[in-house]
Visitor: 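Got a structure for you, written out below as structure tokens; questions coming shortly.
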Amino acid sequence: MDGSKETRFDARKALADALKSLQGGRPDLAEAILGGLLEQIPDNVEALFAMGMSAAARGDSASAIDHMRQALRVDPRFPPALEWLPVLYIERGKSLRQQFLFAEALIAFEQAASLSTGIDAQLELAEMQTLVGRFSESVDTFSRALAVDPNSFAASLLMARALTNLNRLGEADRCWQRAETIETLPGQTRLAKALALSLIGEFGAAREEARKALDLNPKRGKAYYLLCAGTKIQEGDRPLVDRMEDLTRDSDLGDSDRVDLHYALGKAYDDLGEYGSAIQNFDQANALLRRLTFGDRAFDREAFRRNIDFQIETFTRSRLSPDGDQGRELPLFVVGMIRSGTTLVDQILTCHPEVGSAGEQAFWLQYERMAMEQIRTPAIEKLKMGYTSLLSCLAPGFPRVIDKNPANVLVAGLLHTVFPSSRIICTRRNAADTALSIWMTQMQTHAPFIGDRSDIVFAYKQYLRLTRHWQIAMPESRYLEVRYEDLIANPRDQTRAMLDFCGLEWNEACLHPERNTRVIRTPSFWQVRQPVYRTSMDRWKKYQPWLGPFADLVAL
């Protein structure tokens, strides 16, 4: 046997050993073997492919993609790499999306869609485009997906939703109709349509679709929720309330539908002024929601308190000087306790032609324990660039973009340190009203204190301790506290103060946030479509007999 044959024989054996290790759940051993093989034969396409598969097995999609691309540089037609590369890009995109790195996730899904003729990559890309507000692009991508599979229910449904977001309702209706002909669960399409219409402020049409969804499936709790959330329930709606009450006694009703149903009943009884019945339903909804969200896991109060201590001790007044020029950086931050008015402030400011919205981003929350010495490293510049790229992606063309995640109040010191010229607006609302609103709202957030009154009280007091620190430590030119009650009582003066703080010219449109046509994805989707109203002030007094632990917040 000559030398070349010996080399080929050894390579085959090494490759076989590596694959055996990989199949046995030992990617570390497989990579050690493959690394030795690639030292001898750097352009061995099978070894490069196997190295990529091993990296994928470890969950390292970036390394897996790199090795697959190396394999294709050696052999551009190598079938296994051609098959797996788009799959890996999809996995990479999903991972980045979970980390809220939307700009990078979008690129990964674009790569997957460019490499695959299948529908999965197109759907993932279109969903990502929808998530970042690129509705027109998502419609084009959904069209390509439907060209691959005209009978795809997911593609039809999601394209209809994207067209609805664009207010192209005639085209959307045709897609809704097509989706309904191929749905597997009766009423599924009607319910999705009701939700989509609610988010763009078409509440009358949304209620009609919710009714049709119930005609097809009378046990859909979300349909009842949309019927109640998008209007004020009146005496003439008693048959609807009675129907919901009857359904609560149905033992076959699923837990998720039951949560929706109790929130719907709570809202209905609140509108009717029957506060005892309302709070009873909100209590049941919260208990079930907490169990479904967290199981038996308790809110770690001590960890929460320690994090507040860390923020106060790390970001002192001396470390939070204005530092930097007087320019206006891209991000505007609207923070505060959930249900304290952040959506209203966001809605007011985004009426201004120079301000876009990125919704609620959790980008910086993963770095909430970052010390000052870590912030001063070059690595933070990469994070900063990634974040500003995300904002530009979510709100292209706007010189200022709002990130209105209320939880960013926990990292306000970090935000100011990274963006010293940015502005932070912190909303503040009557403490008892805030807590009660959290209790009465079906929260999309997984804030660890939801669903338990005493946990909400504890979290609120810690939040108050932190915001009092920010008021003292933050430069006045960078941090503004806006009281919800003041904004409701005197919207013109308070709006002018916010615009001045942000360095924006006065714009009369900001006095009419209810006319803002953008899609609202928070639980306030109905409230912020209404003219500014005062009925939510001192709401706690209506529930005084049932406040329980919330009574501790009345004097704050």
Side-chain angles (χ1 to χ4, degrees), residues 315 317 320-337 340-361 387-388 391-392 394-395 397-406 408-409 411-430 466-518 524 528 531-534 537:
F315 298 100
R317 182 180 179 87
L320 294 177
S321 60
D323 189 24
D325 60 35
Q326 295 299 310
R328 306 293 191 268
E329 294 196 71
L330 180 71
L332 280 172
F333 299 102
V334 178
V335 305
M337 176 58 78
S340 66
T342 55
T343 300
L344 177 58
V345 169
D346 180 52
Q347 190 82 338
I348 289 171
L349 292 178
T350 53
C351 286
H352 197 285
E354 295 183 18
V355 182
S357 178
E360 300 184 3
Q361 301 305 316
Y387 178 71
T388 53
L391 297 192
S392 297
L394 293 171
F398 288 98
R400 311 295 298 282
V401 180
I402 293 177
D403 179 344
K404 65 137 298 213
N405 189 336
N408 278 333
V409 70
V411 290
L414 170 64
L415 297 178
H416 171 71
T417 307
V418 176
F419 298 99
S421 296
S422 67
R423 303 298 190 265
I424 301 173
I425 297 177
C426 181
T427 58
R428 174 88 178 274
R429 183 182 180 187
N430 174 280
L466 181 61
T467 54
R468 285 171 175 165
H469 170 73
W470 294 144
Q471 276 194 294
I472 296 170
M474 288 276 191
E476 291 183 5
S477 62
R478 304 295 192 266
Y479 183 88
L480 176 70
E481 183 174 279
V482 174
R483 292 190 62 86
Y484 175 80
E485 290 78 11
D486 293 341
L487 183 57
I488 297 300
N490 195 346
R492 179 175 290 272
D493 286 352
Q494 291 297 313
T495 297
R496 187 179 297 278
M498 288 193 295
L499 293 176
D500 288 345
F501 173 72
C502 296
L504 295 166
E505 297 291 330
W506 172 256
N507 192 295
E508 197 76 12
C510 295
L511 291 178
H512 300 284
E514 73 279 5
R515 299 177 187 172
N516 197 326
T517 58
R518 66 192 181 88
S524 303
V528 297
V532 174
Y533 56 91
R534 302 189 180 195
M537 294 170 60

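Values reported hereafter were calculated over all heavy atoms of this structure, with side chains retained and with hydrogens, waters and symmetry mates removed. We number each residue from 1, following the sequence as shown.
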Visitor: Phe315: which residues meet the ring-ring contact (aromatic ring centres under 6.0 Å, His included) condition with it, sequence neighbours left out?
Guide: none
Visitor: When you measure from the side chain of Arg400 to the backbone of Cys502, do you find a donor-acceptor pair of N or O atoms at a distance under 3.5 Å?
Guide: yes
Visitor: Evaluate the side-chain proximity of Leu344 to Pro513: yes if any heavy-atom separation is below 4.5 Å, no if none is.
Guide: yes
Visitor: When you measure from the side chain of Gln361 to the backbone of Asp403, do you find a donor-acceptor pair of N or O atoms at a distance under 3.5 Å?
Guide: no
Visitor: I'd like to check the side-chain contact (heavy atoms from CB on, under 4.5 Å) partners of Pro406; sequence neighbours left out, ordered by chain and number.
Guide: Ile338, Thr342, Glu360
Visitor: How about Trp506 and Thr495: do any of their side-chain heavy atoms sit closer than 4.5 Å?
Guide: yes
Visitor: Do the side chains of Met498 and Leu349 get nearer than 4.5 Å, heavy atoms only?
Guide: yes
Visitor: For the atom pair CD (Glu481) and CG (Asp486), what is the distance rounded to the nearest 0.5 Å?
Guide: 9.5 Å
Visitor: Under 3.5 Å, side chain of Trp470 to main-chain N/O of Val409, donor-acceptor pair present?
Guide: yes
Visitor: Under the 3.5 angstrom rule, does the side chain of Glu485 hit a backbone N or O of Asn430 as a donor-acceptor pair?
Guide: yes
Visitor: Taking only residues two or more places apart in sequence, or in another chain, which ones meet Glu354 in a salt bridge (Lys or Arg N to Asp or Glu O under 4.0 Å)?
Guide: none
Visitor: Show the nearest heavy-atom pair for residues Asn507 and His352, with the distance to one decimal.
Guide: CB-CD2, 3.7 Å
Visitor: From Ser392 OG over to Leu330 CG, what is the distance, rounded to the nearest 0.5 angstrom?
Guide: 5.0 Å
Visitor: Ala497: what forms a side-chain contact (heavy atoms from CB on, under 4.5 Å) with it, not counting sequence neighbours?
Guide: none
Visitor: How close do Gly336 and Cys426 get, counting heavy atoms only, and between which atoms?
Guide: CA-SG, 4.2 Å
Visitor: Could you check whether the rings of Tyr387 and Phe333 sit parallel, tilted or perpendicular, using 30° and 60° as the cut-offs?
Guide: parallel
Visitor: Could you give the distance from CZ (Arg423) to CG (Leu480), rounded to the nearest 0.5 Å?
Guide: 10.5 Å
Visitor: Does Arg429 reach the main-chain N or O of Met537 with its side chain, forming a donor-acceptor pair under 3.5 Å?
Guide: no
Visitor: Could you give the distance from CD1 (Ile348) to OG1 (Thr350), rounded to the nearest 0.5 Å?
Guide: 9.0 Å
Visitor: Mind running side-chain contact (heavy atoms from CB on, under 4.5 Å) on Ile472 and Tyr479 for me, showing each step along the way?
Guide: CA-CA 10 Å; Ile472 296 170; Tyr479 183 88; over 6 Å; no
Visitor: Write down the atom of Gly359, the atom of Ser357, and the distance for their closest heavy-atom approach.
Guide: N-OG, 3.2 Å
Visitor: Quick one: closest heavy-atom pair of Ser421 and Arg478, and the distance?
Guide: CA-NE, 3.7 Å
Visitor: For residues Phe419 and Thr388, report the shortest heavy-atom separation together with the two atoms involved.
Guide: CE2-CG2, 3.7 Å
Visitor: Can you name the nearest heavy-atom pair linking Cys351 to Cys510, along with the distance?
Guide: CB-CA, 3.8 Å
Visitor: May I have all residue pairs that pass salt bridge (Lys or Arg N to Asp or Glu O under 4.0 Å) and include part of residues 489-499, sequence neighbours excluded?
Guide: Arg492-Glu508
Visitor: Could you measure the distance from the CZ atom of Arg428 to the CE atom of Met337? Nearest 0.5 Å is fine.
Guide: 11.0 Å
Visitor: Do you know which of Val401, Asp346, Ile402 makes side-chain contact (heavy atoms from CB on, under 4.5 Å) with Val355?
Guide: Ile402
Visitor: Taking side chain to side chain donor-acceptor pair (under 3.5 Å) as the test, write out the residues that go with Thr427, two or more places apart.
Guide: Ser340
